[in-house]
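Only one structure is covered here, and it is reproduced in the block below.
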2 protein chains.
Amino acid sequence: MRHAASEHSADVGHQRETHTSWDTELVPGPQGRTHRPEADCPVEVALTAVSGRWTTLLLRELMGGPRGFTELRKLLPELSAKVLSDRLRALQERGLVEVERQRAFPVRTRYALTGAGQALRPLLVELYATGEALLRLAGHGGGSPPAP
Amino acid sequence: MRHAASEHSADVGHQRETHTSWDTELVPGPQGRTHRPEADCPVEVALTAVSGRWTTLLLRELMGGPRGFTELRKLLPELSAKVLSDRLRALQERGLVEVERQRAFPVRTRYALTGAGQALRPLLVELYATGEALLRLAGHGGGSPPAP
DNA sequence: CGGAATCCTATCGGATACTG
DNA sequence: CAGTATCCGATAGGATTCCG
């Protein structure tokens, strides 16, 4: 992924009346210039992919390779079977996870990330980095934007 | 439960044990990874910051500079006053937005991102990039991760 | 202009129990 | 082992109405 999300924090001070119609870095294309939450907006797509309690933890486990149902339950003991089942189904419906079943005995099921699922990795890393930044900035004055 | 990665170095992943099976870039965490969703986990912090319908669109508007209440309603016409009020309050409580009021007539109120709020910009960019990637990958499945 | 107060419904997520 | 089936309380968020 070639997005330069990591090193551009310098020019954020462009806060006043914008002479351009919109921020081309933040909103690269017309798809991003929506006036309401649309399911096909890239931001919504990404947000939907990681939405729901336990989802990011589940994705983290699957990033380590294919896992079975009970294996996942052991890795996340406080996650109920119902919710795990819900999450896995949602991830499959969104094409982020695929399942291989062996109907022989004992029944073996493996959940694995698809290519799309693996594409979520940079987002998880960015979520962690941003969360750390927020924790650092919280408390000692938010720091105001430049005064008019 | 502090994370060792709170000492934010340039590289995202660095941890004490190097023989572990999990991904050190993905999980920079210390003695062990969290096994449940905790409010102080950086990923949860970041996710909470952008959670809720309309929130990312609202943040996008505020990235362009301070805005008034009705101004925001015009920019996002389908966002109800109640939800806008809810969002702005939540953002204030999390230290992401601050408000300046002029009680003179007419009442003028401006909502502006704090430093912490501006720190969300890379995350929004990454959400957009990841969403685009997912839209490209959607449909034609994907490869499985390497089996253990 | 800039909100707060209510009300109302859909969905979420946890607990529990049962099945192939 | 790998799930499904129900039930249920708690929010989320939209519509509407009213206020300084």
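Chain identifiers are assigned alphabetically (A, B, ...) following the order of the sequence lines, protein sequences preceding nucleic acid strands; residue numbering begins at 1 within each chain.
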Q: Figure out the CZ/P separation between A:Arg53 and D:dT11, and round it to whole Å.
A: 11 Å

Q: Would you mind reading off the distance between A:Asp86 atom CG and C:dA15 atom C1', rounded to a whole angstrom?
A: 13 Å

Q) Going by atom types only, do B:Arg87 and B:Thr55 share a side-chain donor-acceptor pair under 3.5 Å? A) yes

**Q.** Donor-acceptor pair (no angle test) under 3.5 Å: B:Lys82 side chain, D:dG13 base
**A.** yes

**Q.** Euclidean distance, atom CG of residue B:Leu72 to atom P of C:dG2 [Å, nearest integer]
**A.** 9 Å

Q. Hey, is the side chain of B:Arg89 poking within less than 4.0 Å of OP1 or OP2 on C:dA4, counting only N and O atoms?
A. yes

Q. Between A:Glu44 and A:Thr48, do the side chains contain an N or O donor and an N or O acceptor separated by less than 3.5 Å?
A. no

Q: Provide, to the nearest angstrom, the distance between the CD atom belonging to A:Gln92 and the C1' atom belonging to D:dT4.
A: 14 Å

Q) Nearest-Å distance, CG (B:Leu88) to C1' (C:dA4)? A) 14 Å

Q. Among C:dA4, D:dA2, D:dG3, which nucleotide sits nearest the side chain of B:Ala81?
A. C:dA4

Q. What's the CG-C1' distance between B:Leu84 and C:dG3, to the nearest Å?
A. 9 Å

(Q) Between the side chains of A:Arg36 and B:Glu78, is the shortest nitrogen-to-carboxylate-oxygen separation below 4.0 Å, so that they form an ion pair? (A) yes

Q. What nucleic acid atoms does A:Ser80 come within less than 4.0 Å of, heavy atoms only: base, sugar-phosphate, or nothing?
A. nothing

Q.
Taking the nucleotide of DNA chain C with the nearest heavy atom to each, does A:Trp54 or B:Thr109 sit closer to the 5' end?
A. B:Thr109

Q: Would you indicate what B:Ser85 reaches in the nucleic acid, counting non-hydrogen atoms under 4.0 angstrom: base, sugar-phosphate, or nothing?
A: sugar-phosphate

Q.
Has A:Glu71 got a side-chain atom pairing as donor or acceptor with A:Gly68's backbone, closer than 3.5 angstrom?
A. yes

(Q) Tell me whether A:Thr114 contacts the main-chain N or O of A:Leu96 through its side chain, where contact means a donor paired with an acceptor under 3.5 Å. (A) yes

Q) Looking across every strand, which nucleic acid part, if any, lies under 4.0 Å from B:Arg87 by heavy atom: base, sugar-phosphate, or nothing? A) sugar-phosphate

Q) Has B:Arg103 got a side-chain N or O lying under 4.0 Å from the OP1 or OP2 atom of D:dG20? A) no

Q: Measure from the side chain of A:Arg108, starting at C-beta and using heavy atoms only, and say which of C:dG2, D:dC1, D:dG3 lies closest.
A: D:dC1

Q: Specify the separation, in whole Å, of atom CG of A:Leu57 and atom P of C:dG13.
A: 13 Å

Q | Nucleotide D:dG13, atom P - distance to CG of B:Leu58 in whole Å | A | 13 Å

Q) Among the nucleotides D:dT4, C:dG14, C:dG3, which one has an atom lying closest to any side-chain atom of A:Val83? A) C:dG14

Q) Counting any heavy atom closer than 4.0 Å, what does A:Arg73 reach on the DNA or RNA strands: base, sugar-phosphate only, or nothing? A) nothing

